[in-house]
Visitor: 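Mind looking over this structure? Questions follow.
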Protein chains: 2
Amino acid sequence: MGIILCLLKICLSDYMVKIREVIHRLDPYIPGKSIKEIAAEYSLKKEDIIKLGSNENPLGPSPLAVEAIKNEVNLISQYPETGLKDLQEEIAEYSDVSSDEVIIGGDGADEIIDLLGKTFLDPDCEFIVPIPSYMYYEFNLRNHGARPVYARWDVEANQLDVASVMESISEKTRLIFLCTPNNPTGGLIDKNDIETVLNSTDALVVVDEAYFEFANINNVDLLSDYENLFILRTFSKVMGLAGLRIGYGLSNPKIIDYMHRVKPPFSLTNLSHTAALATLKDREYLEKSAQISIESREFLWTELSKIDQIRVFESKANYLLVDIRNTNLNSSEMTEKLLKKGIIVRDCISFKGLDEYWIRISVGTIEQDKKFIKVFKGIIEGNE
Amino acid sequence: MGIILCLLKICLSDYMVKIREVIHRLDPYIPGKSIKEIAAEYSLKKEDIIKLGSNENPLGPSPLAVEAIKNEVNLISQYPETGLKDLQEEIAEYSDVSSDEVIIGGDGADEIIDLLGKTFLDPDCEFIVPIPSYMYYEFNLRNHGARPVYARWDVEANQLDVASVMESISEKTRLIFLCTPNNPTGGLIDKNDIETVLNSTDALVVVDEAYFEFANINNVDLLSDYENLFILRTFSKVMGLAGLRIGYGLSNPKIIDYMHRVKPPFSLTNLSHTAALATLKDREYLEKSAQISIESREFLWTELSKIDQIRVFESKANYLLVDIRNTNLNSSEMTEKLLKKGIIVRDCISFKGLDEYWIRISVGTIEQDKKFIKVFKGIIEGNE
């Protein structure tokens, strides 16, 4: 019996466990480096590293959120709530919608994107992404077997090429992503253009407003007119809670109900729930938070505009896209040189639709901005 | 133009946005009640409610985890790490495997189940679940369009009907779930039976060991012999971190790599990461945590066994399955009566394979057990 089992096992080992075909076509996994690992690799102190790579809030979290977590920390052995009614209501009030138009995600907006995939995408479907834009749409949705169709973001004009979206729509289109302000370019999409798309399709149009608070503009007013509109948002930016992974979506109650049917019931941690509630109640923090980043963005833009060898694009978000092709460095070389000086920025080579000469700088505090500008100029002038 | 758009919209509203067909067949969403809502509904004090419904740790979290969260709470505005190398290494040491055999989920074991679906299930595939067992396998995996095939857990003998699993295997089988100790029955699966299944298929056999610490037995030794074995675990039970949603899987590095390709990179919150590391280092807490629940389980089992009108099943986990058909109450009536007295237990009607006369009692502290027994007896004797 032992010998028979052994032979069987050898046979089996020839044909590996059955994996989905699409998985074989995905890139192998390369783990990211932690701040601790970066500090060790470049002989830096952890606390000296300036993170301008992930569009985080330079102000840190709301003090009320920190306090609320400390008060509730002993409850971490209990499951989170599944209903989240109180948070739904607070988000509804903040967003000027009703609470049955709200769905909350426990892995930030990324979980909402996954729920959109689970609700709307069959393997033979298509979703439209104007590029360059947020890459996670594709990272996640390709797992559902659906096919990305690329429309065009006009980088030079920093605006959506709306005709390219219209041309991309087919019978198979189920989701259309419109990111405004667009990541990584920072430009806004005109409400008229959004309406043009909404009127041209029965696919769901997902307007990603992750950064809307930095632009003082949003598209919630369209929800009552269009049943195929979905607005995607996050607590990771102006709300200062990137580490706790809270996102939300706004749409008509029918769509929200469908998505709730596939939503993992416990995905929001109880501390995330607590922190989100406390932050929404801290209106003073929220105002200050947006204001500081807007001021800092304008400062950083003005200063970077003075550097001849680069082009910096106007942005309505908390980051700036920079074209560095005239510095004689590509984005990989530039980000490496900055990292050696303890500054993390985003190498945009990972954004489809941009070549190897783009970096994205998150807006920091004015002090961080100044340090970055000094180091950046030094590198460009060849002194670093 | 306004009139044309308006007409177009009316036409559109007749054919709703395109939803996946499978979604229409899912149950509508019914949000769960929070403790606050339960307290209000039954005129109870929040702090008097005893939760014996979710198999949480009655000891609460590790003090080291609580301390670590307090120390790191100001970092919640920063994104979590994507690599999680340190936590992978600690889990590997705890589990006696190497770190490339570990994958970590940010929505507890539930996220790992979703990753299994994304990696292994195509719409025309099948997965096998012996019932009654953990219902989330099906809740999640039906979204992938795959079909559940039910094998049988022999409730009376409280053991897996291994023949029923073998008979359920087909060309289309991709995943087979074996939960040990089984939820909600508490019985273990013989290692020989697990090997029998492993040897009979090239589908992935998922051995769910969420409760293994309460049984003092596990199946990690089989990993080196079977490339189609996957072990599923959680920080929600003996580790006392249900609220922070941490789970992990153990398998051969090839499978772990495939799953990492579809894993959302930021799903584990940074406070969850911190708390998990601190808890794994608190070996004193972990030992005490298992020991207290085991002692309490034996106490509760002994006391419940003395009640003539019920049958209580032996369990190797931190819960007991109870047959209440001779109390003249069904599970809905019984759980409602207990709730009025401030005690939450699990109505097992939601478990496929059990009828309306079963409840599951989580093991509490001895004090909580005593309070439960008193109230439970009162209800059975018709005095409450």
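Worth saying up front: this structure is predicted, and the values here are computed from it rather than measured. To find a chain, count down the sequence lines: A is the first, B the second, and so on, and within it residues start at 1.
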Visitor: First locate atom CG of A/L84, then atom CG of A/L268, and finally report the distance between them rounded to the nearest 0.5 Å.
Guide: 5.5 Å

Visitor: Tell me, with the steps shown, if B/N228 and B/L198 meet side chain to side chain contact (heavy atoms under 4.5 Å, CB included).
Guide: CA-CA 7 Å; B/N228 61 335; B/L198 283 163; 3.5 Å; yes

Visitor: Is chain B contacted by the side chain of A/R174, its backbone, both, or neither, given a heavy-atom distance below 4.5 Å?
Guide: side chain

Visitor: What residue, out of A/E111, A/E21, A/K237, A/M259, has the most heavy-atom pairs lying under 4.5 Å from chain B?
Guide: A/K237

Visitor: Who among A/A275, A/P265, A/P58 has the most heavy-atom pairs with chain B under 4.5 Å?
Guide: A/P265

Visitor: Looking at CD1 of B/I35 and CD1 of B/I344, how far apart are the two atoms once the value is rounded to the nearest 0.5 Å?
Guide: 4.0 Å

Visitor: Quick check: does any side chain N or O of B/N270 sit under 3.5 Å from a backbone N or O of B/L75, one acting as donor and the other as acceptor?
Guide: yes

Visitor: Contact part of A/N55 toward chain B, heavy-atom cut-off under 4.5 Å: side chain, backbone, both or neither?
Guide: neither

Visitor: Given the options A/E81, A/E56, A/R20, which has more heavy-atom pairs under 4.5 Å with chain B than any of the others?
Guide: A/R20

Visitor: Between A/Y136 and chain B, which part of the residue has a heavy atom less than 4.5 Å away: side chain, backbone, both or neither?
Guide: side chain

Visitor: What's the shortest heavy-atom distance between B/V262 and B/K118, and which atoms?
Guide: CG2-CB, 4.0 Å

Visitor: Once you round to the nearest 0.5 Å, how far does OG of B/S251 lie from CD of B/E227?
Guide: 9.0 Å

Visitor: Under a 4.5 Å cutoff for heavy-atom pairs, which residue among B/G106, B/G83, B/A242 has the most contacts with chain A?
Guide: B/A242

Visitor: So what's closer than 4.5 Å to chain A heavy atoms on B/E195: side chain, backbone, both or neither?
Guide: neither

Visitor: For the pair B/T274 (side chain) and B/I69 (backbone), establish whether a donor and an acceptor sit closer than 3.5 Å, ignoring hydrogens and angles.
Guide: no

Visitor: Does B/D124 pair with B/K172 as a salt bridge, N-O distance under 4.0 Å?
Guide: no

Visitor: How close do A/S267 and B/D107 get, heavy atom to heavy atom, and via which atoms?
Guide: CA-OD1, 3.2 Å

Visitor: Between B/N57, B/N140, B/L121, which shows the greatest number of heavy-atom pairs under 4.5 Å with chain A?
Guide: B/L121

Visitor: Against chain B, label A/S272 side chain, backbone, both or neither, depending on which of its atoms sit under 4.5 Å from a heavy atom there.
Guide: side chain

Visitor: For chain B, find which of A/I76, A/T82, A/D114 contributes the most heavy-atom pairs closer than 4.5 angstrom.
Guide: A/I76

Visitor: Pick whichever of A/T119, A/L241, A/L204, A/V66 has the most heavy-atom pairs under 4.5 Å with chain B.
Guide: A/T119

Visitor: Which atoms of A/Q78 are under 4.5 Å from chain B, going by heavy atoms: the side chain, the backbone, both sets, or neither?
Guide: both

Visitor: Give the member of B/I23, B/V22, B/D257 that has the highest number of heavy-atom pairs under 4.5 Å with chain A.
Guide: B/I23

Visitor: Only pairs of heavy atoms separated by less than 4.5 Å count here; which of A/K85, A/K33, A/R142 has the most with chain B?
Guide: A/K85

Visitor: For the residue pair B/Y258 and A/H24, does the interplanar ring angle fall in the parallel (under 30°), tilted (30 to 60°) or perpendicular (over 60°) class?
Guide: perpendicular

Visitor: Considering only heavy atoms, which portion of A/K51 lies under 4.5 Å from any heavy atom of chain B: side chain, backbone, both, or neither?
Guide: side chain

